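Working notes, beginning with the structure itself.
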Amino acid sequence: MPDLATPLIAWYAEHRRDLPWRREGFDAWGVLVSEFMLQQTPVTRVIPHLEAWLLRWPRPSDLAADAPAEAVRQWANLGYPRRAIWLHRAAGEIAERHGDVVPRDVEALLALTGIGDYTARAVSVFAYGDRHPVVDTNTRRVLARTVDGRSQPGPPAKRDLAAMAAVLPADDSAAAIVNAAAMELGAVVCTARAPRCGACPLADRCAWRAAGYPDTGDERRRQARYEGSDRQARGAVLRTLRDAAPDPVPLTAVLADWPDGAQRDRAIDSLIADGLAEASDSLLRLPAHPETGATAGRTGSGRSSA
DNA sequence: GAGTCGTGGCT
DNA sequence: TAGCCAAGACT
């Protein structure tokens, strides 16, 4: 295994982008919110939404005190709106279980709603400086090319964490920088399409380059077509509710001209099931009340922090 | 573990 | 232009 850490650290020192969550004093709550927003959403779209969100809700308890409907409205068009519900839920869990302080331990973070292997480690490493492998899609691509000599990574797997752990230096702060640098390199140089190998600090030790840039295929799942999908219908329903809020919308008026009535009804039902909408008295609206009891947290997943 | 889940920019 | 792609997580 070639040394990737040393050239990554040197490259990152010179080329890192100036992003809000890398500013001095950006707190753990800000990092957590940024990571929620960055799940599958490009950096350039996240930045303005992140700043508005943190101005409105500077602490987890501020968000938890508001209705989930307000989180969905503030989320606007960032996409995957279940993240807004999950972030609202996580804020309540942090306020109640952790004294309004974002937890530092990976296990405690994993127990929060909407936080998985990536986000838990990203918060622990980037907000608190602890030493863990942080593996996102960018890092998986960098490792696939430099270490495995492949053009694209395979589907996400647990072994990705071990692969990145093998790259990290022993020092905590240096390890955090290497984690960030691998992600950054994948985001701006070692990109999915048209990588800029001429600007890559790892080119002289890259297995994919040494092999002549072979096309090794792409085992990743392809996204389903969006046009005409249930997802599109859900997006249209939720846009209607956001635009009307705080007023509710008569059920008969929701996507009244949608070409597929059964699909429209599926969309409404699934939004209600996800906690993104509520129906009563033939009206549909954004969720006014936080969930309670069994839906408020994770149980039986085997990942609780107890 | 495979399916599902938004939105918009880029090529 | 139609598809690709984007700091994933949940069921």
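We name chains A, B, ... by the order of the sequence lines, and we start the count at 1 in each one. Please read all numbers here as calculations on a predicted model, not as lab measurements.
More than 12 heavy atoms of other shown residues, nucleotides or ligands fall within 6.0 angstrom of atom CZ in A:Arg205.
The interatomic distance linking A:His49 (NE2) with C:dA7 (C1') rounds to 16 Å, in whole Å. A:Asp117 has its CG atom 14 Å from the C1' atom of C:dA7, to the nearest Å. Rounded to a whole Å, the CZ atom of A:Arg225 is 16 Å from the P atom of B:dT4. Atoms CD (A:Glu219) and P (B:dA2) sit 11 Å apart, rounded to a whole Å. What separates CZ of A:Arg221 from P of B:dC5 is a distance of 13 Å, to the nearest Å. What separates CD of A:Glu184 from P of C:dA6 is a distance of 14 Å, to the nearest Å. Spacing between atom CD1 of A:Ile268 and atom C1' of B:dC5 amounts to 17 Å, rounded to whole angstrom units. Per the geometry, CZ belonging to A:Arg222 stands 17 Å off P belonging to C:dA2, to the nearest Å.
Side-chain heavy atoms closer than 4.5 Å link hydrophobic residues (I, L, V, M, F, W, Y) into clusters, and following such links, even through other members, never connects A:Trp208 to A:Leu185.
Note on A:Ala192: only backbone sugar-phosphate atoms sit closer than 4.0 angstrom, heavy atoms only; bases stay farther off. Across all strands shown, A:Arg141 has heavy atoms under 4.0 Å from sugar-phosphate atoms exclusively, and none from any base. Residue A:Arg266 is out of contact with every strand shown, counting any heavy-atom pair closer than 4.0 Å. Among the heavy atoms of the strands lying under 4.0 Å from A:Thr119 are primed sugar atoms or P, OP1, OP2 only; no base atom is included. Across all strands, A:Thr191 comes closer than 4.0 Å to no nucleic acid atom at all (heavy-atom distances).
Against DNA chain B, the stretch residues 158-180 of chain A makes no heavy-atom approach under 4.0 Å.
For A:Trp86, the listed nucleotide lying nearest its side chain is C:dA9; candidates were C:dA9, C:dA7, C:dC5.
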message: Strictly under 4.0 angstrom, non-hydrogen atoms only: write out the protein contact profile of nucleotides 6-11 of chain B, one letter per nucleotide from the 5' end, B, S or -.
response: BBS---

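In this structure, the side chain of A:Arg22 engages the main chain of A:Arg17 through a donor-acceptor pair within 3.5 Å. Between the side chain of A:Glu184 and the backbone N or O of A:Trp11, no donor-acceptor pair lies under 3.5 Å. A:Asp105 places no side-chain N or O within donor-acceptor distance of the main-chain N or O of A:Glu107, the cut-off being under 3.5 Å. Checked by atom type and distance alone, the side chain of A:Arg104 pairs as donor or acceptor with a backbone atom of A:Tyr128 at under 3.5 Å. Side-chain N or O atoms of A:Arg285 include none that pairs as donor or acceptor with a backbone N or O of A:Leu241 at under 3.5 Å.
Using a 4.5 Å heavy-atom cutoff, the side chains of A:Trp86 and A:Ile115 are not in contact.
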- prompt: Taking it one step at a time, do A:Asp117 and A:Arg121 satisfy salt bridge (Lys or Arg N to Asp or Glu O under 4.0 Å)?
  reply: CA-CA 6 Å; A:Asp117 285 329; A:Arg121 289 170 177 78; 3.4 Å; yes

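For B:dG6 and C:dT11, the P atoms lie 14 Å apart once the distance is rounded to whole Å. Between the P atoms of C:dA7 and B:dT11, the separation comes to 15 Å (whole Å).
Scored by the side chain to side chain contact (heavy atoms under 4.5 Å, CB included) test, A:Arg222 finds no partners at all (sequence neighbours excluded).
Distances shown here put a side-chain N or O of A:Arg220 below 4.0 Å from the OP1 or OP2 atom of C:dC5.
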